[in-house]
Every structure is written in C-alpha cells, then in structure tokens.
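All remarks here apply to the structure that follows.
Since this is a predicted model, take the numbers as computed values, not measurements. The sequence lines fix the lettering, A, B, ..., with proteins before strands; numbering per chain opens at 1.
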Number of protein chains: 2
Amino acid sequence: MNYEEAKEKFLQAWGTLGSSWGISRTMAQVHALLLISPDSLCTEDIMKELQISRGNANMNLRDLIDWGLIFRELKAGERKEFFRAEKDIWKVAKQIIKERRKREIEPVLQIMEDLKTMEIEPNNKKHLALLEAVNHIEGVVEKADFALEKAIKLDENALVGALFKLFK
Amino acid sequence: MNYEEAKEKFLQAWGTLGSSWGISRTMAQVHALLLISPDSLCTEDIMKELQISRGNANMNLRDLIDWGLIFRELKAGERKEFFRAEKDIWKVAKQIIKERRKREIEPVLQIMEDLKTMEIEPNNKKHLALLEAVNHIEGVVEKADFALEKAIKLDENALVGALFKLFK
DNA sequence: TCTAACTTTCAAAATAAATTGAAACTTATT
DNA sequence: AATAAGTTTCAATTTATTTTGAAAGTTAGA
C-alpha cells in the first residue's frame, strides 16, 4: 500500500467512525486530514484535498474549532488563516468528553430533576414506573458524570496506570 | 406537571439524547417507552403510543433486540409478541459499550493494523506523520479498549467503589 | 478611502435517512 | 388444508441533513 492509498483509507475510516458518533462524515474527514498533516493547512488546501466547497469547508472548520479539536494559526507574511489539529489523541478524547458532558449530560440531569416534580398517584403502577426510571437514571448519570469529570483531569499515563492497578 | 406531560417530556428527552449518539429518534423513543412501562407492550401498543407505522415499529423493535436492549416476551394464551426493556440503566450502558466495542473499536484496530504496512519514504514528512498518527491512535484505542473490557465485567457498585477510591 | 484577499452566510439543491403501508410471508389453530 | 392472527419486507414517499456556490461581509494594506 502506498502513501496515497493509505491516506485515502485513513480519511475514509475516520469519516465512518465519525458518522456512528453523530459527527458528519465531512467534519470527521477534515479533522482526519489535519491529524495527518505535518504542517497547518488553509481552507483552500482542505477544499482541494477533500473535494468540497468553500462554504462546507468553512463551516466544518468552524465547528471543529468550537469543539476545541483544531486551532487557527497565523503564518508570518500570510493573510489567510491556517488550521492545525491537536495531534495527541488522548487530549482529543478528553476534549470530546468535556464537550459532550456539557452538551448532553447537563441537560439530561436538568430534565430528570424537573421530571421528579411530577404529581403521582401513589398506587398507579405507570406513575411509579416513570418516577422510578427517572430517579434511577439520574443516579447512574450522576455517578458516570463524576467519574468522567475526574478522569479527564488525569493525564493518560496516570489514568491508564490507575486503571491497570484497578483491573489487574 | 401531570403524568402525561412528564411521560411526553421523558420520551422527548430520550429521543434527543439518542439522536446525538447516532441512534434514530424513534428507536430511542421506543426504548424510552418500554423503559417506563411496568408491563411489556405489543407492537400495536407502541404504534398507538408513538403514532408510528407498523413497519417502523417492527424495524426499531428488531434493532433494539439486536442491540440487546429489549427482549421478546410470550404471554400465556396470547399469540402476539410482547416486548420488555432491561430497566437497569447500568446494564443498559454496559450492553451499549459491549456492542459498540464490537462494532467500532475492532474495525478501527483492524484498519490501523493494516495501515501500518504502508510503504514509507523515511524522510518524507507526510509519510512519517501518517504513520505516527496511525501508531499513536492504535496505542490509545488499545488502552481504552482494555479499560472498557474490564469495566464492563464489574458490577455497578464494584466499579463506582473502585473509581471512587481512585479519584478520592 | 479604496481595493483585493479572504471569510462567512444562507437560500436553494442534492443527498441521505427514516417512515409508510400494503403485500408477502409465517405460524398457530380449527 | 384453510383460515386468521401476527410479523416482516421493501419500493415509494416523506423528512432531515448536508452541501453548494454566489453574494454579502470583513479586514489588511496601498
């Protein structure tokens, strides 16, 4: 397999993985392209490499910046913007967990908190089942949230070392 | 808030959460409906509650069974099938991790293994960057996979207890 | 200020994914 | 075997998401 084939395969694989995590194929591919670029790339480079329009490239780059996965970079003497990805996959994973925690876990806990105020008839099976599900979900999500919060504060080696001890 | 409003809100919230995890809104809502049902439901019940077609209901129920999140149930004297969800969210989470590990992590590792065989020119920056990314991703994914594999073998209390000690 | 390089926006078009519903299929019962 | 209850399939349709590309908006430098 030569470089071009391998690159193609890598972009393809990262795009597929993104899809199953609710990230658009193109956004994942832009990220993949930057992950394997030794130098930062400009919008034009990305449009050309991935054969996508200017608007599409711009939008996905902006989203990746919002997710904290890539950074704008200025080059001396150049007017246009360049982009560079965080290459440390451990940091990438932590960043994604951090963002998703904010975007998903917090709203879910908020809704569960809210649902707990529903008026129940104490001997209505359906009412009790809903309340029980709400309380149970809240408990599990809070525990998972706690673990994730702590986990992203450790560095890779500390976490892996600790887990190794835990599971050995 | 009365029961009907709360139920509506719960189905809604679970559907939204599903969407951001690459699960269709309807599949998540069918799951949510079964999560809060004290008794098992038949296809007809689900069609009526969620206002969806028979084909749609059937397909999503089948997918949920494939994911191991709900189970078929027979009722004495009834010919049709009933469905019941696993109510323990911790078990639900473990089941999802188990399935995604199989569906996503294994293929990614397979592709990385494959990409490592690419022919590189030892002083070509791009070639080296791709190879480096591949090796690095493989390492991180393998470690995460190891941790997840062990984690799903523990029960909720053992894991939470261990993590608590770890992070205290 | 004016121009040119560059970025952002957004309505329209293209593409992808989910949904319907009726027909085909399966299975238990008489 | 015939019927009826129930399940599955799938082509056509609907809905949602992504992408395009040209126009509007910015900003740096002459």
Quick one: on DNA chain D, does A/Arg79 or A/Arg54 contact a more 5' nucleotide (nearest heavy atom)?
A/Arg54
Heavy-atom count check: over 12 atoms from other residues, nucleotides or ligands less than 6.0 Å from A/Glu132 CD?
no
Give the rounded distance in Å between these two atoms: CE of A/Met59 and P of D/dT19.
9 Å
Taking only N and O in the side chain of A/Thr26, is any of them less than 4.0 Å away from OP1 or OP2 of D/dT19?
yes
Would you kindly compare A/Phe82 and B/Asn60 by the position of their nearest DNA chain C nucleotide and give the one closer to the 5′ end?
A/Phe82
When rounded to whole Å, the CZ to P distance for the pair B/Arg25 and C/dA18 reads 12 Å
Candidate pair A/Asn135 and A/Lys116, rule side chain to side chain contact (heavy atoms under 4.5 Å, CB included), full reasoning:
CA-CA 7 Å; A/Asn135 281 320; A/Lys116 280 169 31 181; 3.4 Å; yes
Exceeds 12 heavy-atom contacts within 6.0 angstrom, atom CE of B/Met59
no
Which one, D/dT8, C/dT19, D/dT19, comes nearest to the side chain of B/Arg72?
D/dT8
Between D/dT8 and B/Asn58, is there an OP1 or OP2 to side-chain N/O distance shorter than 4.0 Å?
yes
Selection from C/dC6, C/dT20, D/dT19 that lies nearest to any side-chain heavy atom of A/Ser53:
D/dT19
Expressed in angstrom and rounded to an integer, what is the separation of B/Ile23 atom CD1 from C/dA17 atom P?
16 Å
Against the six-membered ring of B/Trp21, is B/Arg100 placed for a cation-pi contact (under 6.0 Å from the centre, within 45° of the normal)?
no
Axis deviation across the helix from C/dT1-D/dA30 to C/dT30-D/dA1, five-pair ends, to the nearest 10°
10°
A/Asn56 side chain near D/dT20 phosphate (N/O to OP1/OP2, under 4.0 Å)
yes
Is atom CG of A/Leu128 surrounded by more than 12 heavy atoms (other residues, nucleotides or ligands) closer than 6.0 Å?
yes
Between P of C/dT7 and CG of A/Leu61, the distance in whole Å:
10 Å
Rounded to whole Å, the CG-P distance (A/Leu74 to C/dC6) equals 13 Å
Of D/dT7, C/dT20, D/dT20, the nucleotide closest to the side chain of A/Ile52 is D/dT20
Measure from CG on A/Asp63 to P on D/dT19 and round the result to the nearest Å.
11 Å
Between B/Trp67 and B/Arg103, is there a cation-pi geometry (under 6.0 Å to ring centre, at most 45° from the normal)?
yes
Name the nucleic acid region contacted by A/Arg62, choosing base, sugar-phosphate or nothing; use a 4.0 angstrom heavy-atom cut-off, strictly under.
sugar-phosphate
So B/His127 and A/Tyr3, would you call those rings parallel, tilted or perpendicular, with 30° and 60° as cut-offs?
parallel
B/Lys80 NZ - D/dA4 P separation (whole Å):
18 Å
Rounded to whole Å, CG of B/Leu50 lies from P of C/dA18 at a distance of 16 Å
